[in-house]
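Note that the structure is predicted; figures quoted are calculated from it, not measured. Numbers restart at 1 for each chain; the letters A, B, ... are given by sequence-line order, proteins then strands.
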Number of protein chains: 4
Amino acid sequence: MPQIGALLRKLIADGQVSDPASPRGKLLAAAAKLFRQNGYAATTVRDLGAEVGILSGSLFHHFKSKEEILFGVMSEVVVAMEAALRAALSEAHEPRAAVRALIATELAFIHGKTSNATAVLLYEWRALNSSRQAQILTGREAYFAMWQQTLKAAQQAGLVAVEPEYLRQLIHGALTWTAVWYKPSGALSLDGLADRCLLMALSERP
Amino acid sequence: MPQIGALLRKLIADGQVSDPASPRGKLLAAAAKLFRQNGYAATTVRDLGAEVGILSGSLFHHFKSKEEILFGVMSEVVVAMEAALRAALSEAHEPRAAVRALIATELAFIHGKTSNATAVLLYEWRALNSSRQAQILTGREAYFAMWQQTLKAAQQAGLVAVEPEYLRQLIHGALTWTAVWYKPSGALSLDGLADRCLLMALSERP
Amino acid sequence: MPQIGALLRKLIADGQVSDPASPRGKLLAAAAKLFRQNGYAATTVRDLGAEVGILSGSLFHHFKSKEEILFGVMSEVVVAMEAALRAALSEAHEPRAAVRALIATELAFIHGKTSNATAVLLYEWRALNSSRQAQILTGREAYFAMWQQTLKAAQQAGLVAVEPEYLRQLIHGALTWTAVWYKPSGALSLDGLADRCLLMALSERP
Amino acid sequence: MPQIGALLRKLIADGQVSDPASPRGKLLAAAAKLFRQNGYAATTVRDLGAEVGILSGSLFHHFKSKEEILFGVMSEVVVAMEAALRAALSEAHEPRAAVRALIATELAFIHGKTSNATAVLLYEWRALNSSRQAQILTGREAYFAMWQQTLKAAQQAGLVAVEPEYLRQLIHGALTWTAVWYKPSGALSLDGLADRCLLMALSERP
DNA sequence: TATGAATGAGGATTCATTCAT
DNA sequence: TATGAATGAATCCTCATTCAT
């Protein structure tokens, strides 16, 4: 599996992602945790404050509104996912490895250190107003373009049977849903899970 | 694709599903629509009342609480899905057809008349308290058992490469996610979508 | 102790008190019970309906409002108390016996068949609007006059040390409060309780 | 009559009773007033807010619920009553004076500065849930024990004719009921009222 | 930057009462 | 006389946000 740790450190150093030691970083981590656990709407700013040890009123020195916190959680994950996928693909030198990179990177985000934020990105979409939704969407374009391109190459190599634009969505759904049922601590390793996904995605006999 | 209409009429006649012409049925339909559109938490009982043309206070003659409305939406879908899958499988006489029945039935619910309620079942899980979650889960056991059994048979027939317990979740995720991106009115028909899903699920060259 | 039963039958025959077999009578009894148990404000018309086996809407064929039910409960008890005290005093031929009649009659109401209604009369005063309060007060004048007159006679006979107007209120309070602590099923009989009250009220050594 | 003022100041300094100048103290005083005047159920949180000059929502920064406000009113009175009775009894060196201390202390609470809170304690019992009722009851045990003990001593001194356990309840009722009819501004002074109560309680000719 | 008291709009829910059937 | 669906105002309470300290 790709190692996200080093990459995150670089992004933090670049200021593209908040330092988890900073007040802002702690707050975003706490928000990701609670938003994932209880949902955005069901999480109060008081809960948020309690999680980081300040009063709710003080949150508004760091963020203008609750929704901006949600936006912060989502947009940092978007940046990190793109960087991670770009790095992973740069090391995949043939179509099969590239498809595996797509899958492994997404799984690393869904189940690794950033799992909370990733789940929030995937499941709290509606809580964002449309202007912020559009911003996030713009931020994800490059990520989706890499998927599209990679799957297209796989198709030309005869690896996949389904049209890339549909296959992308189907795989994406399968991976997203693992957040609901898969436990990294169980019998199946993350690598094993990636293998199964790859097996399903590719039209080759094992 | 399986026809859900006739089946629903039978369930309504049996009293297992609310008559859409009754106050209760209208309310559940309106709730499914709004809960799907805006989310359970963001939908107010006033919205609900306005949608069916009564005042919010009057809702409570039909349901004890807002959460009970959510529960009503979910549990009726659960009943209908099980009945539909059972019917579809009874007409599938070989493994491949049976797997297609799994996929086609789920897609029929996700994109057919019951799409709102189905989406609510899949995406508003957390809004239910744990006791009601357990009830729904119990109601879905038979449905999941049919999936498991069908995929097992397909495995024994050499049709699938991934272990049934994982494959079930992966396909389920892929199908669920179609609610987000697939539009029945677009270029791809529901049957075409089912074909792609089947192609991905099975380890056979097309 | 005075027997209230026969007296009540006479009042019912006269139409001054509702027949407990009639719908109105049943409703008043149920109301007395629930108002006493849970308080007027905390008792809903639904509770009331459930207690007598009809729906809440149907109550309003018998009474114009919830408050009118409360008024009905109170005013019937007022009528009965006056009649009972008048009867009891007519048989008391000397001051000491007359004072005992005051006490025993009030205790009979507080702890006998009419205990619920009596408790409601004493403790739900505030729930009545002022015009109805005045009506009840008028209805009780004769009752209080008998107390006053009896205690005055006892004073002239040297039986009591405290001025009648104060003594009346003090005894009244002591008796009223027995509703809170005294249980007829306990070690002390109602007659025994009356003896203690009399002992306290009179300035004579036992 | 015992002077409650100094005692209250001490309890406030000790933190056992809220400072009437603090938001919490003001709120409790306002609540006592309104609960007494209109009853707990008939007093809305809006009324409460209006009485202290804040909006109803702001109440919930100081108390978790309306019932907790009621509980606050009651429990502070309970604490103060016990302290006051203990102080009064410590200065009563013979049985007759001790019985008078019982009476005078209770009357001081029912008609003095704390009259609202005391009335609420006595008359809004039912509005408390049973767990909080139990807490209050526990808090009153010591108070009732002092009554019992004092009356027992009076009995042994031949001062009272009725058994202490009954006499306690009868006197208690007589005193409680003075809240309904006695006005300190009238012809009878509080001391005079205490004299009458004592006279009634004791089996001695004046 | 943090506090904590206050805001004020809005939340779900309750309930006496009405009325067509 | 009874039903049961609906009303509509009122209830307690929640919560994101503000702001003086």
Side-chain angles (χ1 to χ4, degrees), chain A residues 22-24 27 40-50 52-70 127, chain B residues 22-24 26-27 40-49 52-70 127, chain C residues 22-24 27 40-50 52-70 127, chain D residues 22-24 26-27 40-49 52-70 127:
Chain A
S22 72
R24 184 187 159 95
L27 225 161
Y40 173 79
T43 302
T44 71
V45 292
R46 257 192 175 77
D47 295 338
L48 244 34
V52 296
I54 60 175
L55 289 182
S56 66
S58 309
L59 291 177
F60 295 87
H61 290 284
H62 302 282
F63 292 90
K64 280 196 183 152
S65 69
K66 186 185 169 191
E67 197 189 326
E68 210 187 60
I69 300 179
L70 176 62
Chain B
S22 72
R24 186 188 157 95
K26 278 183 202 159
L27 226 161
Y40 173 79
T43 301
T44 71
V45 292
R46 284 220 231 304
D47 296 339
L48 243 33
V52 296
I54 60 174
L55 289 183
S56 66
S58 307
L59 293 178
F60 295 87
H61 281 276
H62 304 283
F63 293 90
K64 280 196 185 146
S65 68
K66 185 186 167 190
E67 197 190 324
E68 211 188 60
I69 300 178
L70 176 62
Chain C
S22 72
R24 186 188 158 94
L27 224 160
Y40 172 79
T43 301
T44 71
V45 292
R46 258 194 174 77
D47 295 338
L48 244 34
V52 296
I54 60 174
L55 289 184
S56 65
S58 309
L59 292 177
F60 295 87
H61 290 284
H62 302 280
F63 292 90
K64 279 196 184 152
S65 69
K66 185 185 168 191
E67 197 189 325
E68 210 187 59
I69 300 178
L70 175 63
Chain D
S22 73
R24 185 187 158 95
K26 279 183 202 161
L27 225 161
Y40 173 78
T43 302
T44 70
V45 292
R46 283 225 227 309
D47 295 338
L48 243 33
V52 295
I54 59 173
L55 289 183
S56 66
S58 308
L59 294 177
F60 297 88
H61 281 275
H62 304 284
F63 294 90
K64 280 196 186 147
S65 68
K66 186 185 167 191
E67 198 189 323
E68 210 188 62
I69 300 178
L70 176 62

Over how many whole Å does the gap from [X] atom [atom1] to [N] atom [atom2] extend?
X: A/Tyr40; N: F/dC15; atom1: OH; atom2: C1'; result: 12 Å
X: C/Phe60; N: E/dT18; atom1: CZ; atom2: P; result: 7 Å
X: A/Ile69; N: F/dA16; atom1: CD1; atom2: P; result: 9 Å
X: C/Arg24; N: F/dT1; atom1: CZ; atom2: P; result: 12 Å
X: A/Leu59; N: E/dG4; atom1: CG; atom2: P; result: 14 Å
X: D/Asp47; N: F/dA10; atom1: CG; atom2: C1'; result: 11 Å
X: A/Leu48; N: F/dA16; atom1: CG; atom2: P; result: 9 Å

Return the set of residues passing side chain to side chain contact (heavy atoms under 4.5 Å, CB included) with D/Ala127 (not counting sequence neighbours), or none when no residue passes.
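D/Ala127: side chain to side chain contact (heavy atoms under 4.5 Å, CB included) contacts with D/Tyr40, D/Leu70, D/Glu124.
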
A/Leu59: what forms a side chain to side chain contact (heavy atoms under 4.5 Å, CB included) with it, not counting sequence neighbours?
A/Leu27, A/Val45, A/Leu48, A/Ile54

Which residues satisfy the salt bridge (charged side-chain N to carboxylate O under 4.0 Å, His left out) test with A/Glu68, sequence neighbours excluded?
none

Using nucleotides 19-21 of chain F, report all nitrogen or oxygen pairs with the protein that are shorter than 3.5 Å.
none

Return the nearest nucleotide to the side chain of [X]; candidates are [options].
X: A/Ile54; options: E/dT17, E/dT3, E/dA6; result: E/dT3
X: C/His62; options: F/dA2, F/dT11, F/dT14; result: F/dA2
X: A/Val45; options: E/dA6, F/dA16, F/dT14; result: F/dA16
X: B/Lys66; options: E/dT17, F/dC13, E/dT13; result: E/dT13

Once rounded to the nearest 0.5 Å, what's the spacing between atom NE2 of C/His62 and atom OG of C/Ser22?
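Taking NE2 in C/His62 and OG in C/Ser22, the distance rounds to 9.5 Å.
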
Could you pick out which residue, B/Arg46 or D/Lys64, lies toward the 5' side of DNA chain F when each is mapped onto its nearest nucleotide?
B/Arg46

Would you please name every residue forming a side chain to side chain donor-acceptor pair (under 3.5 Å) with A/Arg46, sequence neighbours left out?
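Not a single residue meets the side chain to side chain donor-acceptor pair (under 3.5 Å) criterion with A/Arg46.
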
How would you list, by chain and number, every residue that makes a side chain to side chain donor-acceptor pair (under 3.5 Å) with C/Thr44, sequence neighbours excluded?
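With sequence neighbours excluded, C/Thr44 shows a side chain to side chain donor-acceptor pair (under 3.5 Å) to C/Asp47, given in chain and number order.
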
If each of C/Ala41 and B/Ser65 is mapped to the nucleotide of DNA chain E with the nearest heavy atom, which maps nearer the 5' terminus, i.e. the 5' end?
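It is B/Ser65, whose closest nucleotide lies nearer the 5' terminus.
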
By the 4.0 Å heavy-atom rule, please label [X] as base, sugar-phosphate, or nothing.
X: D/Ser56; answer: base
X: D/Thr43; answer: sugar-phosphate
X: A/Leu55; answer: base

Toss me the dot-bracket line for DNA chain E: Watson-Crick and G-U wobble, both under 3.5 Å, 5' to 3', using | for pairs to another strand and [ ] for crossers.
.||||||||||||||||||||

